[in-house]
Every structure is written in C-alpha cells, then in structure tokens.
Amino acid sequence: MSIEEKSLNFLEEIIDGDLNNGKYQSIVTRFPPEPNGYLHIGHASSICLNFGLTQKYPGYTNLRFDDTNPVTEETEYVESIKEDVRWLGFEWKNERYASDYFDQLYDFAVTLINKGLAYVDDSNSEEIAKMKGTPTEPGKDSPYRNRTIEENLDLFLRMRNGEFPDGSRTLRAKIDMSHPNLLMRDPVLYRIKHASHHRTGDKWCIYPMYDMAHGQSDSIENVTHSICTMEFVPHRELYDWLIGKLEIYPSHQYEFARRNINYTVTSKRKLLQLVNEKYVTGWDDPRMPTISGLRRRGYTPESIRDFCERIGVAKRENLVDVGLLEFCVREHLNRVALRRMVVFDPIRVIITNYPEGQYENLKSENNPEDETTGTREIPFGRELFIEKDDFMENPPKKFFRLAPGQMVRLKSAYIIKCDEVIKETDGSIRELHCTYFPDSRSGHDTSGIQVKGTLHWVCASHAAEVEVREYDRLFKVEDPAGEESDFKNFINEHSLNVVKGYAEPSLLSAQHKDRFQFLRKGYYCLDSDSEKEKLIFNRTVTLKDAWAKEQKKSL
RNA sequence: UGGCCCGUGGUGUAAUGGUAGCACUACAGAUUUUGGUUCUGUCUGUUAAGGUUCGAAUCCUUACGGGCCAACCA
C-alpha cells in the first residue's frame, strides 16, 4: 500500500484551507443545471467535482435547477437530469429550484430599490445596448436612471402585475455606467416575459436574470463554494456586489475551465441542433456525448467517473483526447464484460474429419479476469464460421491466422489445419476444408502442437443472426466548434455502420444490463431498440487492435 | 485597439523558491488458448527575453500566444 497522497486540485486546496483555518466546519456545494437540455460529458465533470468534494470533505451537495427562463425550459429536461445524476452514482441532499425562490428574489429586488440601488428602465434592449458603451468607451446613463424610489417601487409592482408588455421595461442595478467590467454597467436584473413556467405556471410575468438569481439562490442555500466555469469570471464581481448590498449569506464563487473533448461538441445549443435537425436520432443517440447517449452506448458510470478523475480540474483551456475516455471504458469493461463469440463477416469452414450431424458442447470461461463468472457452453460441429479476415490465401510474414497448410487454435475448442480452399466459379472463396486434431481439445490438449494464433468462431447451424451497430466519432475534425464555418459541416457521415453478426447461442438470453466482450472485436451491449426476435447490439468501443497497427505500418 | 483569465512533452495534470513527476498516446520487447489483458523499457516538456536569488516552471517586468466579456441566455 502506498502512503503517498494524491495531490490536491486548486479547489481542494482552497477548501482544505477554509476547513483548516476554521472558516467553515463543513461545506455546501451545488450542481446548478438549467433544465433546457440533456446533460453531457462536460456536466459529468462538474457533477463529479461538486459531489466529489462533499464526499471527500464534510458537507453536502444540492441539486438546484436554474430555471429562470421559462421559454426554453421543460419538465422533460428536469427528469432526464435527475436520472443522469443518479445513474452517475450521486445523490443530492436537497432538490431545489431557483423558481422556489421567486418570492424571496422579488423581495431582494425591492430591497435594492429601497436602497436606491436599482431602478426601472423604460428603454428597450437596443437602447440599453447602445447606452452600454464598448470595452474601450464608457457607457451613458439611462434617462430613467434617477427616478425616485417611490416611482421605481410603483413601476416594479406594476411590472409584476402584468401591466406592461414583454420587453417594454426592465429592472436594472444602479452601479456605474463607466465601469471597466461591462457587467457592472447597470446590469438588467428582471425582465418581463408573459410566459408560462414549467413549475410556477402563470404566477409570474417577470423573471430574474441569471445574476439576480444564481448568487442569491446560493446564498439562500448557504452554499459555501459555488463552483462554475471560467466564462463566469466577470460575473463574480456582480455576484459579490449583490450579496454585499443585500447583506445576505456570503457564498463565494470559484471558477474552473470547462472540459472540452475532441471530435465532439459539448454545448447544449449545438446538441439541440443535432437533435432537432435529425443528424442523430435523439438526445440519447449512442453517438451523442450526452450522459444518456453514453449510457445507451454501453459506457458505465464507473468509467465516466474514472475519466473525470483522470482529466482533473484546472483553469487553463483544454481539449481532452477522447481516447482517454475510451481507455477508461475499456479498462472497466475488461474487468466486468462477459466474453462471447460473434462472427461478423463469415467464411464457412468444413471440418472434414468431424462426423456429419454430430455436435458437442464445449466450455468456455465467461471472463478470464474474473473466475467467479464461471463458464458457458458453446456448440461445436462439422460446419463453422470464422471471420473472413482471419484467412489469407497468400499470407504475409507475421500472419498468425489461418492459411493453406497453416494451423490455428479455435478458441476453447480444437486446433485445426487448413487443407484446401474451395472456390466458386468466379474465383471467390466458397469454403475452407480443414481437419481437426481430436486430442487438441482445450484443457485436454495432449497433441503437443504449438500454434501462434487463436480464432473466434461459431457453429454454423447454431449461430443466431443479430444486428450490430458500429459507431465512429460524430465529427471529422478535432474541434468542430472552433472551426470557421458551421460545426455541422464537419459531421462524420460514416458515424453509424450497421452490420449483421452470427452469434453464439448463449447471446440469445442477453439482458439490457449485461456488458459483453465479443472476442477479438470489442465491447457491446444490447440496444434499447432490441426486440425478442431481433437482437440489436451497440458497439461501445473496439478492442485495441495491434494487428491493424502492424498492417498500417506495411502500407 | 479596454478589462479580466490562462500558458509545463502529442494530450490531460502534478511539482506552491531546492532532483520537472504521473496518466493517456506513440514506439520497442516479454507473456498470452482474445494480435485483448498483464508486465518491462524508451522517446518527447516548463512560450520568449530580461530581472531578483546560492538556486526560478514557481517571484517581478516586458513581449508573444490562447480564451472570455458589449443577450431582456445561463
């Protein structure tokens, strides 16, 4: 056992310090999704961070929906988010909604008005934008900036009562129109939206902006460490300003760099486009980087958590190699997946010295990495299928598979030798005539024959036809969102390849929770489209393929 | 061209003034009834220039590079 401690990330260091110097006895974090889309792998990072922190340190984590914009938010998203967080293996202390706090938030706004720190502006959005100034020029005060407190109070109440149309008025903080931070130039706090909210219905027609809702919700929940991504850095000044002026519980905001992954996009807006414009079949399409897509693809929560742990937390821009995610799922699946044999592109093998009509059942281990998984039986007979790729008439030097005159082991069965290649009239191969060595049966091999290669195979008469969906990366370029033109121009049109497979009969009883390794091919799981009569498997990820690499070298 | 944030191998992340480490990838080899797994080894790095210091990835200055900010989105 190593006593070496893993080094802390910068947030753990801050928390460690806060706990050690007595600033806090325990901490509160929150995961604050807006329910306007499904969670993706980037959110997984944030979830593992926020929940992970309160597993490591005393305290708890809330799930809080940042539902302040009724026009984009839906209950469907709320449900999916809860399912995904639980599936990842985390449980929140409290389920909260910013909309739970609408009354309180309204009171906060009134407090600001009473302090002379907020005012109702009759300007429309173009006018406000114009008066905002630019990064190099100061803004101009709105003509409505110096209304009396009484007038502001009256107008704000009438906004709430629905007397004004959308966009006609806003409540703005009164800060400084020449502030170097654009966000401090009298930011909008409340806007009018005559829209039905998924939780509060038609109770409200004014809704708080992010800045008016987020920090105050943190404060209400006594969140100690409010962790968000780097793009919110400029908001921190406003976050602190509002909490300070309101004199409420001082939550603090900390920022880390969002994780980007190559060959995909992680932006709810872009993912929504892929769904709406039918580039994928839905949010849970196995090619999507969503949690639900990864789940359907066959990824395990363990592998995703491991991935998030490995990529870490920092503040610099990053583009993580999707290969690491694949490594993590291979590593987990290698330990838990049941081994099965499936031939995809078959070539018929006739064992000429094996009696016609005779069959035997051979035992094979379910998982050599885990003996407790036991064995299964596989039928063997005179006619078999092997992979077309596993035979070559004129093999190159290091080809350890089947070739005329060459011998191979059939996994968990016998050693066979290829005697004859039977061809069609057009020259294509019809079948291979082979002989087997009866004394070479797996586990009882007394033949003394040494072979270099072992092949997977299925008994031709017992094989079950299944559909297999092979997936490739959704985009052809590393950073589709960073390209000049529209990200959809870089979609990989070959990201889905549907093939037929001939499976050993034990796969007929596959369950949705099962994870399989199809020997020498990859990891697979049953897809939700599967039916009793038509089994459909998703390829989660291929096995590493050293032979493919070897071949590439000689090209 | 204003402000803010950030620059460590191909990628991600450590080293908090004292031997630049770990993981993934790549490459080479060993083992293997999965060309998988496992094991061993190798390559590759502090953006640059000054300064402070016995000593700098670390502190300071400047330059360079990247990112964010001018929604009634979050």
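Protein chains get the first letters and strands the later ones, always in sequence-line order, with residue 1 at the start of each.
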Taking any heavy-atom pair under 4.0 Å as a contact, classify Arg401(A): base, sugar-phosphate, or nothing. base
Using a cut-off of 4.0 Å on non-hydrogen atoms, how would the nucleic acid contact of Ile311(A) be classed: base, sugar-phosphate, or nothing? sugar-phosphate
Is Asp121(A) salt-bridged to Arg172(A), cutoff N-O under 4.0 Å? yes
Please map the stems of RNA chain B, keeping only stretches of three or more Watson-Crick or G-U wobble pairs with both distances under 3.5 angstrom. B:2-7 with B:64-69, B:10-13 with B:21-24, B:26-30 with B:38-42, B:47-51 with B:59-63
Could you check whether Phe518(A) gets within reach of a base, just the sugar-phosphate, or nothing at all, counting any heavy atom under 4.0 Å? nothing
Remember a base hit wins even if backbone is also touched, and classify Leu319(A) as base, sugar-phosphate or nothing at under 4.0 Å, heavy atoms. sugar-phosphate
Nearest-angstrom distance from the residue atom CG of Leu49(A) to P of U13(B): 13 Å
Figure out the NZ/P separation between Lys521(A) and U37(B), and round it to whole Å. 16 Å
In short, Gly298(A) meets Thr540(A) closest at the heavy-atom pair CA-OG1, 3.5 Å
Carboxylate-amine/guanidinium proximity below 4.0 Å for Asp186(A) and Lys132(A): no
Ring pair (Phe, Tyr, Trp, His ring centres under 6.0 Å) with His235(A): which residues, sequence neighbours excluded? Tyr210(A), Phe232(A)
Using the side-chain heavy atoms of Ala546(A), tell me which of these nucleotides is nearest: U34(B), G36(B), A14(B). G36(B)
Is the shortest distance from a Lys or Arg side-chain nitrogen in Arg191(A) or Asp166(A) to a carboxylate oxygen in the other one below 4.0 Å? no
Contact nearer the 5' end of RNA chain B, comparing Arg236(A) with Asp390(A): Arg236(A)
Is Arg401(A) salt-bridged to Asp389(A), cutoff N-O under 4.0 Å? no
Interatomic distance where CZ belongs to Phe516(A) and C1' belongs to U34(B) [whole Å]: 17 Å
With hydrogens left out and only the distance checked, is there a donor-acceptor pair under 3.5 Å joining Arg520(A)'s side chain and the base of U34(B)? no
Salt bridge or not between Glu365(A) and Arg339(A)? Use side-chain N to carboxylate O under 4.0 Å. no
Between A48(B) and U1(B), how far is it from one P atom to the other, in whole Å? 23 Å
Once you apply a heavy-atom cut-off of 4.0 Å, does Gly522(A) come out as touching a base, just sugar-phosphate, or nothing? nothing
Can you tell me how far C1' of U11(B) sits from OH of Tyr263(A), to the nearest Å? 12 Å
For Lys388(A), enumerate each residue passing the side-chain contact (heavy atoms from CB on, under 4.5 Å) test, keeping only those at least two apart in sequence or located in another chain. Asp345(A)
Basic-acidic side-chain contact under 4.0 Å: Arg147(A), Asp122(A): yes
Asn334(A) CG to U37(B) C1', in whole Å, measures 5 Å
Looking at Met159(A) and Leu171(A), what are the two nearest heavy atoms and their distance? CE-N, 4.0 Å
Once each nucleotide of nucleotides 24-32 of chain B is scored for protein heavy atoms under 4.0 Å, what B/S/- sequence comes out, 5' to 3'? SSSSS----
Lys/Arg N to Asp/Glu carboxylate O, Arg539(A) vs Glu470(A), below 4.0 Å: yes
Counting the atoms with a prime plus P, OP1 and OP2 as sugar-phosphate, which does Val71(A) contact under 4.0 Å by heavy atoms, base, sugar-phosphate, or nothing? nothing
Going by the rule side chain to side chain donor-acceptor pair (under 3.5 Å), which residues pair with Asn69(A) if we only count those two or more places apart in sequence or in a different chain? none
Applying salt bridge (Lys or Arg N to Asp or Glu O under 4.0 Å), name anything that partners Glu377(A), two or more places apart in sequence or on another chain. Lys363(A)
For Gln517(A), which contact category applies under a 4.0 Å heavy-atom criterion: base, sugar-phosphate, or nothing? base
Could you list the residues that satisfy side-chain contact (heavy atoms from CB on, under 4.5 Å) with Ile449(A), not counting sequence neighbours? Met407(A), Ile415(A), Phe437(A), Ser447(A), Val451(A)
Chi-angle category of A30(B) [syn within 90° of 0, anti beyond]: anti
Rounded to the nearest angstrom, tell me the gap between atom CG in Asp306(A) and atom P in U13(B). 16 Å
Nearest-Å distance for atom pair CG/C1', residues Asn260(A) and G66(B): 13 Å
Any donor-acceptor N/O pair, Thr170(A) side chain to Tyr190(A) backbone, under 3.5 Å: no
Sorted by number, the residues of residues 477-484 of chain A with heavy-atom contact under 4.0 Å to RNA chain B: none
All N/O pairs under 3.5 Å across the protein-nucleotides 43-48 of chain B interface:
none

State plainly whether the residues Asp306(A) and Arg310(A) are in salt-bridge range, i.e. N to O under 4.0 Å. yes
Side chain to side chain donor-acceptor pair (under 3.5 Å) partners for Asp240(A), two or more places apart: none
Sugar-phosphate or base contact per nucleotide [nucleotides 67-74 of chain B; S, B, -; heavy atom under 4.0 Å]: SSBB-BSB
Partners meeting salt bridge (Lys or Arg N to Asp or Glu O under 4.0 Å) with Glu221(A) (sequence neighbours left out): Arg64(A)
